[in-house]
Colleague: 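The following block contains the structure, expressed as structure tokens.
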Amino acid sequence: MGIIRLLLHFGWTWVGLFATAEDSGEHFVKALEPLLSQNGLCLAFTERILNQLIWNNLNEMNKLIDKIYQSFTGSTASTFILCGEHMTITLLLTYLLAGGIQLNGNASFGKVWILTAQIDFVLAGTQLGADFHLFQGAISFTVHSNEILGLQNFLRKVKPCWKQEDGFLKDFWEQAFNCVYPDCGMPLRADGICTGEENLESLPRTFFELNMTGQSYSIYNAVYAVAHALHAVHSSRFNRRERVYGPGTELRELQPWQLHLFLQGISFNNSAGETVSFNERMEMRTGFDINNMVTFPNTSFTRVKVGHMDPNAIDGQEFIIHEDRILWHRTFNQVLPLSVCNDYCPPGYHKMKKEGEKFCCYDCVPCPKEKISNRKAELLNEMPRRKLWSCSKEQKKKQNQEMITRVFVLRSSADHQ
């Protein structure tokens, strides 16, 4: 629904869809198609992206590459929806490169990309060399997050030998800084050895983000939710070897599923000042942040929050978008992109459905005799720059009567003066 609201807000009625050829992608397509139709929106095309790079049949691979390339370059749509995850971006760009598109600063195919929450540019950047100029100006729905107090200071102090029994930091450090980390306490002599003094802030954003991502924020809240539930168990009357959930089950033998009862009732404010609680369906419905992706010549990028969608907000505040914060793809020259099947009809013309085409596509034909053009603001977005023209009947008698009335008023005014 967030994507629908976004399309309606900008009047993008003609959009393309790339979705991963997996169950999640198929489910997304089946859920989205009826919503588009119900809201007067159309899909220009739907392309599935196979999550693999090698096929036994070279001809089939070439056909797929050509099909995706033609959909991208040949479609009249200016807005594309991309559903998948980081590997989907890797494959899509691989197909387009194989088709012959230039992804560097000279790219001429400007599009508005709308990205689903599963897509992670950081993970994709580690595999692709971070050439994301094609996605400049993309609008992405991301899992809601907030900045945690003290996170930046914590990251500045992280060292790979904090906990020797945990090998994660050591492995990450070696991959991130392209060096080998010796055993903690070992003298540092050779080149290519990690010093341990490397700074996480020096890493490109395509490899490591210093800000709290939506996934990390969810994990952060989940850990504290379980901690609060365990505290509730400890503080409950079942404490001190008393039995819970039937004979033979003691507190120290509590099973994970038995925490559900306590999780249902938790409600607390996290360190970012947001309330964490579950609804009756055991969901934390925090909504989505809407971000704009801004790329830079050095292949780095940043996300700028331009809005949000919150199903729990008061009426009129569920969907908020700040157009003035959005930086579009450079080919649009900061003019709001249009994505329609054909141009709007000029004054004196009306829409006529094209045979065999989707309802978003139409011809503009002159108004018939005895009809005049009537100006109407487009229903999708009541903005002055978007106008439709339709034809409405006017009886000659009514027109004549209105003219007689106007002449009478003018004469009366002149006589009075």
Side-chain angles (χ1 to χ4, degrees), residues 1-6 22-25 27-28 30-32 35 83-86 115-120 122-123 140-151 154 209 211-246 248-291 303 305-321:
M1 283 308 302
I3 292 176
I4 297 295
R5 293 287 296 270
L6 186 70
E22 294 178 338
D23 290 343
S24 60
H27 176 76
F28 180 84
K30 289 180 180 179
L32 185 66
L35 289 175
C83 169
E85 33 79 40
H86 71 276
L115 311 176
T116 55
Q118 296 87 344
I119 292 176
D120 192 328
V122 173
L123 293 177
S140 61
F141 286 81
T142 59
V143 178
H144 171 66
S145 66
N146 211 331
E147 288 304 311
I148 300 300
L149 189 65
L151 175 64
F154 170 80
E209 288 195 83
N211 294 327
M212 179 70 77
T213 64
Q215 289 82 355
S216 297
Y217 190 65
S218 296
I219 295 171
Y220 176 86
N221 286 330
V223 170
Y224 272 93
V226 173
H228 277 270
L230 290 172
H231 179 73
V233 172
H234 180 75
S235 303
S236 72
R237 61 187 180 87
F238 302 112
N239 170 14
R240 306 284 186 186
R241 298 180 63 86
E242 292 206 22
R243 301 183 179 280
V244 294
Y245 299 102
T249 304
E250 295 188 2
L251 180 61
R252 62 189 180 195
E253 300 169 355
L254 193 69
Q255 298 299 310
W257 62 266
Q258 293 173 329
L259 277 177
H260 290 179
L261 177 63
F262 295 93
L263 280 169
Q264 281 180 318
I266 66 163
S267 179
F268 63 93
N269 290 337
N270 62 18
S271 61
E274 293 191 334
T275 301
V276 177
S277 61
F278 290 98
N279 61 18
E280 67 280 357
R281 297 170 59 183
M282 287 299 289
E283 297 171 333
M284 286 187 179
R285 299 187 65 187
T286 57
F288 294 95
D289 293 334
I290 303 175
N291 295 313
R303 293 187 181 99
K305 186 175 178 180
V306 296
H308 68 269
M309 184 172 182
D310 183 2
N312 300 317
I314 60 175
D315 290 344
Q317 298 294 314
E318 302 94 342
F319 180 87
I320 300 293
I321 189 80

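Predicted, not measured: the structure shown is a model, and the values here were computed from it.
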Colleague: What distance do S277 atom OG and H228 atom NE2 have between them, rounded to the nearest 0.5 Å?
Modeller: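 Those atoms lie 12.0 Å apart.
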Colleague: Contact between T275 and S267 at the side-chain level, heavy atoms closer than 4.5 Å - yes or no?
Modeller: yes
Colleague: First locate atom OG of S216, then atom CG of L151, and finally report the distance between them rounded to the nearest 0.5 Å.
Modeller: 8.5 Å
Colleague: Just how far is it from atom CD of E283 to atom CZ of F278, taken to the nearest 0.5 Å?
Modeller: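 That separation rounds to 10.0 Å.
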Colleague: Is it the case that atom CG in N269 sees more than 12 heavy atoms from other parts of the structure closer than 6.0 Å?
Modeller: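 Yes, the 6.0 Å shell around CG holds more than 12 heavy atoms from other groups.
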Colleague: Should T116 and F28 be marked as a side-chain contact (heavy atoms from CB on, under 4.5 Å) after you check the CA-CA gap, both sets of side-chain angles, and the distance that decides it?
Modeller: CA-CA 10 Å; T116 55; F28 180 84; 3.8 Å; yes
Colleague: Sequence neighbours left out, what passes side-chain contact (heavy atoms from CB on, under 4.5 Å) with L35? Give chain and number order.
Modeller: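 L35: side-chain contact (heavy atoms from CB on, under 4.5 Å) contacts with M1, I4, Q38.
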Colleague: Looking at every heavy atom in both F262 and A232, which two are closest together, and how far apart are they?
Modeller: CD2-CB, 3.9 Å
Colleague: For D289 and H144, which I'm curious about, is there any donor-acceptor pair between the side chains at under 3.5 Å?
Modeller: yes
Colleague: Find the distance between CG (L263) and CG (L230) and round it off to the nearest 0.5 Å.
Modeller: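 Result: 8.5 Å between the selected atoms.
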Colleague: State which residues pass side-chain contact (heavy atoms from CB on, under 4.5 Å) with A272; sequence neighbours excluded, sorted by chain then number.
Modeller: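 Applying side-chain contact (heavy atoms from CB on, under 4.5 Å) to A272 gives N146, I148, Y217, N270.
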Colleague: Hey, could you give me the CG/CD distance between N221 and E274, rounded to the nearest 0.5 Å?
Modeller: 7.5 Å
Colleague: Would you name the heavy atoms of F141 and L6 that are closest together and state the gap between them?
Modeller: CE1-CD2, 4.1 Å
Colleague: Indicate the atoms forming the closest heavy-atom contact of V306 with N291, along with that distance.
Modeller: CG2-C, 4.2 Å
Colleague: Quick one: does F288's side chain get under 4.5 Å of T142's, heavy atoms only?
Modeller: no
Colleague: Quick check: are there more than 12 heavy atoms from other residues, nucleotides or ligands sitting under 6.0 Å from CD1 of I320?
Modeller: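 Count over threshold, so yes.
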Colleague: Would you give the length of the straight line joining atom CD of Q317 to atom CE of M309, rounded to the nearest 0.5 angstrom?
Modeller: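 Between Q317 CD and M309 CE, I get 13.0 Å after rounding to 0.5 Å.
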Colleague: For the residue pair S271 and Y220, confirm or rule out a side-chain donor-acceptor distance under 3.5 Å.
Modeller: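 Side chains of S271 and Y220: pair found under 3.5 Å.
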